[in-house]
S.K.: 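The following block contains the structure, expressed as structure tokens.
Numbers here are sequence positions counted from 1.
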Amino acid sequence: MEKDFKHPQIFSDLLMFYKRYYPIHAGLPKPFRFTTGESILTEVTHCLKLVTLANQCNKNDAMGCAQGSELLGQLRASIEVIRSYLLVAWQLKLLSHGGLYQLTDGLESVSKQATRWQQWFGKRDVT
């Protein structure tokens, strides 16, 4: 019997971010919600995909480790894009200080996990 697939903690944390952001998204003014707000949702969805793909990489060969590391690099870049979009919302006074803190705090946790996981892929001895 095959081993059941399990998402890593980083996936759960991204999902929690999505759940926190979505009610905020619904309350944003239409012009922002349909442009930058939708971009945030798209980036978060892309991040969930990257985590899933990285988790599926073969951790026992060099090619799989390199691919996993590359996917996590993309994840970290997407997280920075999300942060920048949230900062725009805050600068436009569409997002409160508390809302910005809550969302970026969640992203910080995801970013740290991605960094550690990427380092782990880089240190794997697959000889």
Side-chain angles (χ1 to χ4, degrees):
M1 179 187 259
E2 287 187 40
K3 181 180 163 189
D4 289 335
F5 178 77
K6 184 177 180 215
H7 287 293
Q9 181 63 42
I10 190 172
F11 186 91
S12 298
D13 290 348
L14 277 168
L15 192 57
M16 184 57 64
F17 173 85
Y18 198 104
K19 288 178 181 180
R20 285 183 182 154
Y21 173 72
Y22 197 79
I24 294 168
H25 173 81
L28 293 171
K30 281 185 181 181
F32 188 86
R33 184 176 59 215
F34 291 138
T35 55
T36 309
E38 289 295 323
S39 295
I40 292 170
L41 291 176
T42 300
E43 284 293 329
V44 175
T45 303
H46 183 67
C47 288
L48 290 167
K49 179 180 177 180
L50 291 170
V51 167
T52 301
L53 292 174
N55 197 37
Q56 293 297 306
C57 289
N58 184 351
K59 293 144 181 97
N60 296 319
D61 74 16
M63 176 102 46
C65 286
Q67 183 183 21
S69 183
E70 172 63 28
L71 290 166
L72 292 168
Q74 291 175 32
L75 172 65
R76 292 173 61 202
S78 286
I79 290 168
E80 291 306 315
V81 169
I82 294 168
R83 280 185 189 163
S84 69
Y85 290 159
L86 291 173
L87 186 59
V88 170
W90 179 75
Q91 288 286 328
L92 293 173
K93 301 190 185 322
L94 303 175
L95 186 61
S96 69
H97 295 296
L100 179 66
Y101 174 77
Q102 181 183 28
L103 292 171
T104 56
D105 189 50
L107 286 177
E108 184 65 27
S109 172
V110 170
S111 182
K112 286 179 182 179
Q113 289 176 68
T115 300
R116 287 190 304 269
W117 196 11
Q118 188 178 27
Q119 290 170 346
W120 180 85
F121 268 119
K123 292 179 182 177
R124 290 287 292 164
D125 182 36
V126 291
T127 54

S.K.: If every non-hydrogen atom of S78 is compared with every non-hydrogen atom of C47, which pair is closest and at what distance?
M.R.: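 The pair with the smallest heavy-atom distance is CB-SG, 3.5 Å.
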
S.K.: So do the side chains of M63 and N58 get within less than 4.5 Å of each other, counting heavy atoms only?
M.R.: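 Not touching, per the 4.5 Å side-chain cut-off.
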
S.K.: Just so I know, are the side chains of V88 and L92 near enough to count as touching, which here means a heavy-atom distance under 4.5 Å?
M.R.: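 In short, these two side chains touch, coming nearer than 4.5 Å.
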
S.K.: Side-chain heavy atoms under 4.5 angstrom apart, residues restricted to Ile, Leu, Val, Met, Phe, Trp, Tyr: same cluster for L50 and W120?
M.R.: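 Same hydrophobic cluster.
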
S.K.: For Q67, which residues count as a side-chain hydrogen bond (donor to acceptor under 3.5 Å, both in side chains) partner, sequence neighbours excluded?
M.R.: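 Partners of Q67 by the side-chain hydrogen bond (donor to acceptor under 3.5 Å, both in side chains) criterion come out as none, since no residue qualifies.
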
S.K.: For the residue pair S109 / Q113, report whether a side-chain donor-acceptor contact shorter than 3.5 Å exists.
M.R.: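 A donor-acceptor contact under 3.5 Å links the two side chains.
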
S.K.: Quick test of your reading: applying salt bridge (Lys or Arg N to Asp or Glu O under 4.0 Å), list the pairs with at least one residue in residues 18-39, sequence neighbours left out, ordered by first then second residue.
M.R.: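 Residue pairs with at least one partner in residues 18-39: there are none.
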
S.K.: Considering residues at least two apart in sequence or located in another chain, which fulfil the salt bridge (Lys or Arg N to Asp or Glu O under 4.0 Å) criterion with E108?
M.R.: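 E108 satisfies salt bridge (Lys or Arg N to Asp or Glu O under 4.0 Å) with R83 only.
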
S.K.: How would you list, by chain and number, every residue that makes a side-chain contact (heavy atoms from CB on, under 4.5 Å) with P29, sequence neighbours excluded?
M.R.: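 P29 satisfies side-chain contact (heavy atoms from CB on, under 4.5 Å) with P31, L94 once adjacent residues are dropped.
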
S.K.: Say whether, by atom type as modelled, one donor and one acceptor occur between the side chain of S69 and the main chain of C65 under 3.5 angstrom.
M.R.: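 Judged by distance alone, no pair lies under 3.5 Å.
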
S.K.: With sequence neighbours excluded, give me every salt bridge (Lys or Arg N to Asp or Glu O under 4.0 Å) pair touching residues 41-55.
M.R.: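 For residues 41-55, and leaving out neighbouring residues, there are no salt bridge (Lys or Arg N to Asp or Glu O under 4.0 Å) pairs at all.
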
S.K.: Given side chains that start at C-beta, do those of W117 and N55 come closer than 4.5 Å, heavy atoms only?
M.R.: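 The answer is yes; the side chains approach within 4.5 Å.
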
S.K.: Write out all pairs satisfying side-chain hydrogen bond (donor to acceptor under 3.5 Å, both in side chains) with one or both partners inside residues 92-106, taking only residues at least two apart or from two chains.
M.R.: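 Counting only pairs at least two positions apart or across chains, the side-chain hydrogen bond (donor to acceptor under 3.5 Å, both in side chains) contacts touching residues 92-106 are W90-H97.
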
S.K.: Taking the side chain as C-beta and beyond, is there a heavy-atom pair between I10 and L75 under 4.5 Å?
M.R.: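 Yes, close enough: below the 4.5 Å cut-off.
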
S.K.: Which distance, rounded to the nearest 0.5 Å, do you find between the CG of L41 and the OG1 of T36?
M.R.: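 That separation rounds to 11.5 Å.
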
S.K.: Which pair of non-hydrogen atoms, one from I24 and one from L95, has the smallest distance, and what is that distance?
M.R.: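 The pair with the smallest heavy-atom distance is CG2-CD1, 3.8 Å.
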
S.K.: Can you list the residues that meet the ring pair (Phe, Tyr, Trp, His ring centres under 6.0 Å) rule with F32, with sequence neighbours excluded?
M.R.: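 Partners of F32 under the ring pair (Phe, Tyr, Trp, His ring centres under 6.0 Å) test: none.
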
S.K.: Using side-chain hydrogen bond (donor to acceptor under 3.5 Å, both in side chains) as the criterion, list what pairs up with T115, not counting sequence neighbours.
M.R.: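 For T115 the side-chain hydrogen bond (donor to acceptor under 3.5 Å, both in side chains) partners, ignoring immediate neighbours, are R76.
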
S.K.: Quick check for you: to the nearest 0.5 Å, what is the distance between I79 atom CD1 and S84 atom OG?
M.R.: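 Interatomic distance, I79 CD1 to S84 OG, rounded to 0.5 Å: 12.0 Å.
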
S.K.: Measure the shortest side-chain to side-chain distance between I82 and F17 over non-hydrogen atoms and say whether it is less than 4.5 angstrom.
M.R.: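 Yes, at least one pair of side-chain atoms sits under 4.5 Å.
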
S.K.: Who passes side-chain contact (heavy atoms from CB on, under 4.5 Å) against T45, sequence neighbours left out?
M.R.: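 T45 satisfies side-chain contact (heavy atoms from CB on, under 4.5 Å) with Y18 once adjacent residues are dropped.
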
S.K.: In terms of the angle between their ring planes, are H25 and Y21 parallel, tilted or perpendicular, with boundaries placed at 30° and 60°?
M.R.: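 Because their plane-to-plane angle lies in the 30° to 60° range, the rings of H25 and Y21 count as tilted.
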
S.K.: Of all residues at least two apart in sequence or in a different chain, which pass the side-chain hydrogen bond (donor to acceptor under 3.5 Å, both in side chains) check with Y85?
M.R.: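 Not a single residue meets the side-chain hydrogen bond (donor to acceptor under 3.5 Å, both in side chains) criterion with Y85.
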
S.K.: Got a sec, which residues hit side-chain hydrogen bond (donor to acceptor under 3.5 Å, both in side chains) with E70, two or more places apart in sequence or on another chain?
M.R.: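 With neighbours one apart ignored, the set is Q74.
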
S.K.: Give a yes or no on whether M16 and L100 share a hydrophobic cluster (residues Ile, Leu, Val, Met, Phe, Trp, Tyr; joining criterion: side-chain heavy atoms under 4.5 Å apart).
M.R.: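 No, it is not one cluster - the side chains of M16 and L100 are not joined through contacts under 4.5 Å.
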
S.K.: If you count the non-hydrogen atoms of other residues, nucleotides and ligands that lie under 6.0 Å from OH in Y22, is the total more than 12?
M.R.: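 12 or below, so no.
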
S.K.: Counting C-beta onward and ignoring hydrogens, is there a side-chain heavy-atom pair between V51 and V110 closer than 4.5 Å?
M.R.: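 No; the side chains remain at least 4.5 Å from each other.
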
